[in-house]
Amino acid sequence: MLEFKNLTLEDKAWVDQLVMFENSPSAGFNFGNIYLWNENHEQLVARAGGRMVSKLRRGDQTAFVFPIGRGPLAPAVEAIREFAAAQGVPLVLRGLTEKHVAQLEEAYPSGFAYTENETCADYVYLAEKLATYSGKALHGKKNHCNRFEAENDWDFVPLTRELIPDCLDMLDNWMEDNAQRLESSILREYDAILRAFAAYEKLGFEGGVLRIQGKIVGFSLGEFTSPDCFDVHFEKADGSINGAYPMVCRELTRQLMAAHPQLKYMNREEDMGLESLRRSKQSYKPEFMVRKFTARWKND
């Protein structure tokens, strides 16, 4: 029987191994996202052979995450089926990519029914395009950056422990300025950012800070979700400053490309069904979307 537990920082090494082996651009499996949001999703983890199984609970609904890792898929799914039956809950797997759907269908032909979760799709971009804003489609972003550079005495530096207090001050101001339009899902993000900063080094995050005359006006941070794809967990900037957001995006990408020559993609995560966030993510012209699906065992 699967034995689920809270994810701790001590679990990072084995989870990272399975995430890198999975080699998926999806933002749903990396250690940071599980650790930062596990309280919000009541998420627990267990090992099933060479795979990781996550259990989610929202209200009175229980579901499981597709078991990533190495080795045959069926034993991990059977372990989930056994646990679900013992708990009297239906077998529901969330966070499936198109690749996972194909793998699950091969192992269990017609055994599951699938539904797409459109608001959970990840926006994935070519790093080279974000680092240059080249091409007609991104010309507006380039113009905003040109104006920002012309109007400001600025720099962009790696995010370090010493800069976190000033990042928190900027975040508090950002929350106050945006309080009227924030929804509960974004308000919960504040707590996740605090948790990210508290364990920044142990989580192995990388990030950068945009400054004007030494004052922080933007920051961004995240982690690799596959050997060639970086997942941007959080990005914040002073929206009253023209070009601040495109600058943070561009400069973080440049910083990462310089440090990691293998970097090809930037995952800027989902839009959560928020129209303003959808428009923003689409304006950076994603290379592709990581579509997400839920699978339900037909016999339940």
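Since the structure is predicted, the reported quantities are computational estimates derived from the model, not experimental observations.
In this structure, the side chain of E235 does not engage the main chain of F219 through any donor-acceptor pair within 3.5 Å. Panel note: side chain E116, backbone K292; no donor-acceptor pair is recorded below 3.5 Å. Listed for the R51 side chain is no donor-acceptor partner under 3.5 Å among the backbone atoms of A76. Judged by distance alone, the side chain of N117 and the main-chain N or O of T119 form no donor-acceptor pair under 3.5 Å. Not one N or O on the side chain of D11 forms a donor-acceptor pair closer than 3.5 Å with the backbone of L7. The backbone N or O of K264 sits nowhere less than 3.5 Å from a side-chain atom of D228 that would complete a donor-acceptor pair. Using modelled atom types, one side-chain atom of Y133 and one backbone atom of P246 make a donor-acceptor pair closer than 3.5 Å. In terms of modelled atom types and a separation under 3.5 Å, the side chain of Y108 and the main chain of W297 share no donor-acceptor contact. Remark: side-chain polar atoms of D122 are paired, donor with acceptor, to backbone N or O of A27 under 3.5 angstrom. In this structure, N173 contributes its side chain and M170 its backbone to no donor-acceptor pair below 3.5 Å.
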Dump the intermediate steps for side-chain hydrogen bond (donor to acceptor under 3.5 Å, both in side chains) on Q213 and N152, then the final yes or no. CA-CA 8 Å; Q213 295 182 332; N152 299 290; over 6 Å; no
R57 and Q61: side-chain hydrogen bond (donor to acceptor under 3.5 Å, both in side chains), yes or no, with the steps? CA-CA 6 Å; R57 187 170 181 83; Q61 300 295 314; over 6 Å; no
Check step by step if salt bridge (Lys or Arg N to Asp or Glu O under 4.0 Å) holds for K281 and D271. CA-CA 7 Å; K281 292 182 184 292; D271 60 32; over 6 Å; no
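With contacts defined as side-chain heavy-atom distances shorter than 4.5 Å, the pair Q43/I34 qualifies. Side-chain contact check for T62 versus L56: every heavy-atom pair is 4.5 Å or farther apart. You'll find the side chain of L44 stays beyond 4.5 Å of the side chain of K5, heavy atoms only. A heavy-atom distance below 4.5 Å is found between the side chains of V15 and M52. Side-chain contact between L221 and E206 is absent, with no heavy-atom pair separated by less than 4.5 Å. Residues M1 and F83 are in side-chain contact: their nearest non-hydrogen atoms beyond the backbone lie under 4.5 Å apart. Taking 4.5 Å as the limit, some side-chain heavy atom of F31 sits within range of a side-chain heavy atom of L9. Between E270 and L277 the shortest side-chain heavy-atom distance does not fall below 4.5 Å.
Below 30°, between 30° and 60°, or above 60°: for F234 and W37 the angle between ring planes is between 30° and 60°, a tilted geometry. A tilted orientation is assigned to the rings of F64 and F4, their planes being inclined by 30° to 60°. Aromatic ring orientation, Y125 versus Y123: parallel (interplanar angle below 30°, classes split at 30° and 60°).
The heavy-atom pair separating F29 from G95 by the smallest distance is CZ-O, 3.4 Å. Between R94 and A63, the closest heavy-atom pair is NE-CB, 3.4 Å. Considering all non-hydrogen atoms of both residues, T225 and V19 come closest at O-CG1, 3.5 Å. Nearest heavy-atom pair, K236 versus L171, reported as atom, atom and distance to 0.1 Å: CG-CD1, 4.2 Å. The two atoms that bring T253 and L263 nearest to each other are O-CD2, 4.5 Å, heavy atoms only. R268 and C249 get closest at one heavy-atom pair: NH1-SG, 3.4 Å.
Taking the six-membered ring where the residue is Trp, the centroids of F293 and Y114 are separated by 6.0 Å or more. Taking the six-membered ring for Trp and the full ring otherwise, Y245 and H144 have centroids separated by 6.0 Å or more.
In E106, the CD atom is not crowded: 12 or fewer heavy atoms of neighbouring residues, nucleotides or ligands sit closer than 6.0 Å.
Note that CG of L130 and CE of M257 are 9.5 Å apart. Values are rounded to the nearest 0.5 Å.
Taking the centre and axis of the six-membered ring of Y284, the NZ or CZ atom of K141 falls inside the cone set by 45° and 6.0 Å.
When hydrophobic clusters are built by joining Ile, Leu, Val, Met, Phe, Trp and Tyr residues whose side-chain heavy atoms come closer than 4.5 Å, directly or via intermediates, M175 is grouped together with I241.
For the 3.5 Å distance criterion, the side chains of S24 and E22 fail to qualify, holding no donor opposite an acceptor. No side-chain N or O of Y35 forms a donor-acceptor pair with one of N6 less than 3.5 Å apart.
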